[in-house]
Protein chains: 2
Amino acid sequence: MASMTAANWKTGQTIRLGEAAYGELRDRLTRGGYRPGDKMTVRSLADALGVSSTPARDAINRLTAEGALVYAGPKTVIVPFLGEDDLREVTLIRLALEGLAAEQAAAHCQDHHIEKLLEIQIDINKSLETKAYSEALWHNKEFHFLVYRLSGMPHLIALIEAQWLRVGPSFYGLYPEFAEARHGVRNHQMAIEALQDRDAKALRAAFENDIRDGYRRLRASLRQDSGG
Amino acid sequence: MASMTAANWKTGQTIRLGEAAYGELRDRLTRGGYRPGDKMTVRSLADALGVSSTPARDAINRLTAEGALVYAGPKTVIVPFLGEDDLREVTLIRLALEGLAAEQAAAHCQDHHIEKLLEIQIDINKSLETKAYSEALWHNKEFHFLVYRLSGMPHLIALIEAQWLRVGPSFYGLYPEFAEARHGVRNHQMAIEALQDRDAKALRAAFENDIRDGYRRLRASLRQDSGG
DNA sequence: CTTTGTATTTTGTTGCAACAAAAATGGCGC
DNA sequence: GCGCCATTTTTGTTGCAACAAAATACAAAG
């Protein structure tokens, strides 16, 4: 009994309101519940989540530490606008981290993982056909993180998730255009083929391509916004 | 006046106790004030820093989110032991992030930066000669982050600092052996030469070498501990 | 209409106490 | 000596109120 205590204490359901609030806010950010510039106040979040100010404040503090929220003033936390410089930096970081994750994933890939990826890709295509962009975005994330998890590097995955959370709110609004272009389909196909060959370098290249494609499109839309 | 508000509000001295507590605890961690396994309790930290429990809790929460502290049980936060797997993961992450930072740094390097690096290297050598290992460690960090800051990527630097904070406590205790071997001196020399040539790839290689050297030594000492 | 100065409202931070839960302690049986 | 269980102590979490400070709304002047 004493031996399982140290290993399994996380198993019990999360009774910590702070962590629950963090997870919920994180989810809403991921799902496009907020737009860049939206103010995050302790009291409004506490009301929205039905908790008191302490857990709400914990959630905001943590997301701020991770870069998913930023200070716009001494007493003002907002969902960040991603400028061109920010986008460049986060992209370079993503290339480094997700490239590493992909490279490490190849060694731990099994056939059933590839089958699962094929299923997810079918889901993505279906979602695109029915113009269910929010779903497509979700499946796209599933695709990426299924591979990244194969790396067996939990801390690395947490870092990658933090980067996605940074670009998410800015990315989400203009997904329709992205989806129409279907730029991700070819890259995902390349990734699956690389995985079948257990070719770590090719897998990395496929994901880097995907990241770079997304970067170019996001940057273009950023310039469009500032230009007109 | 309105234009400077958004840009300069950070200039005012930090009146937030939570951030001050975070900085202080961070500093103590960096300077070897705690060893792996040490318990971090809200009340003891609050006493140690002369603040109430809220800012102390904030500091612990943030360091925990960054991985510098870990949960060892539902109500127990400790300074983490770095196992061999953890060390491998953090090293791969460091290679990715610090490699990127070094590569980006080359483009922004000016002559006076190289001069400063030469000065720091002299400080390192002096500290090693006088067996002031704690000082040597500090100057070593100065050396690395002076280069990393040249990348102009503040978020990347924050990520790198978080990784250093993870390995710090485990690294600190066995520095004397490291210093005696002087393994870093050659790598730093390579880095300076690469910087003089503005050779980004060579600069990256020099820092990767430095990280890998440290990894091998730390891993060896880890195996020694578990073996005997 | 824009701008400037003022008043009002909102907000984050901090300290603190209560509570439940986990950890440390000590004693008991073997 | 060693493991196990009950008791005591310690601990994190949570909610809340007070306060200072910043943001906002508003009014007046140019």
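Just so it is clear: chains get the letters A, B, ... in the order the sequence lines come, proteins before strands, and each one is counted from 1.
When the P atom of D:dC16 is taken as reference, atom CG of A:D58 falls 15 Å away, rounded to whole Å. To the nearest angstrom, C1' of D:dG15 lies 16 Å from CZ of A:R16. Look at CG on A:N61: it is 6 Å from P on C:dT13, rounded to the nearest Å. Atoms CG (B:L17) and P (C:dT14) sit 4 Å apart, rounded to a whole Å. Counting to the nearest Å, the P atom of C:dT13 and the OH atom of B:Y22 are 15 Å from each other. The CG atom of B:D47 sits 12 Å away from the P atom of C:dC16 (whole-angstrom rounding). Regarding B:E19, its CD atom lies at a distance of 10 Å from the P atom of C:dT14, rounded to whole Å. When rounded to the nearest whole Å, the span between CG of B:L45 and P of C:dG15 equals 13 Å.
In this pair, B:F207 and B:H144 present their aromatic rings perpendicular. The plane angle is above 60°, beyond the 30 to 60° band.
Using a 4.5 Å cut-off on side-chain heavy atoms (C-beta onward), B:I160 and B:F145 make contact. Between A:Y148 and A:L97 the shortest side-chain heavy-atom distance does not fall below 4.5 Å.
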All N/O pairs under 3.5 Å across the protein-nucleotides 4-11 of chain C interface:
from   : atom 1 : to    : atom 2 : distance (Å)
C:dT11 : O2     : A:K75 : NZ     : 2.8

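When heavy atoms are screened at a 4.0 angstrom cut-off, A:T76 is found touching the sugar-phosphate backbone but no base atom.
Looking only at atom types and distance, the side chain of A:D86 has no donor-acceptor partner in the side chain of B:H155 under 3.5 Å away.
An OP1 or OP2 oxygen of C:dG15 is reached within less than 4.0 angstrom by a side-chain nitrogen or oxygen of B:S52. For A:R57 and C:dT13, the shortest distance from a side-chain N or O to OP1 or OP2 is below 4.0 Å.
Between the side chain of B:T54 and the base of C:dG15, a donor-acceptor pair under 3.5 Å is found.
Closest approach to the B:P74 side chain among C:dA23, C:dT14, D:dG15 is made by C:dA23 (side chain taken as heavy atoms from C-beta onward).
Atom NZ of residue A:K116 and atom CD of residue A:Q110 lie 15.5 Å apart, to the nearest 0.5 angstrom. Rounded to the nearest 0.5 Å, atoms CZ (B:R216) and CD1 (B:I211) are 12.0 Å apart.
With sequence neighbours left out, the side chain to side chain contact (heavy atoms under 4.5 Å, CB included) criterion links A:S52 to A:T54, A:P55.
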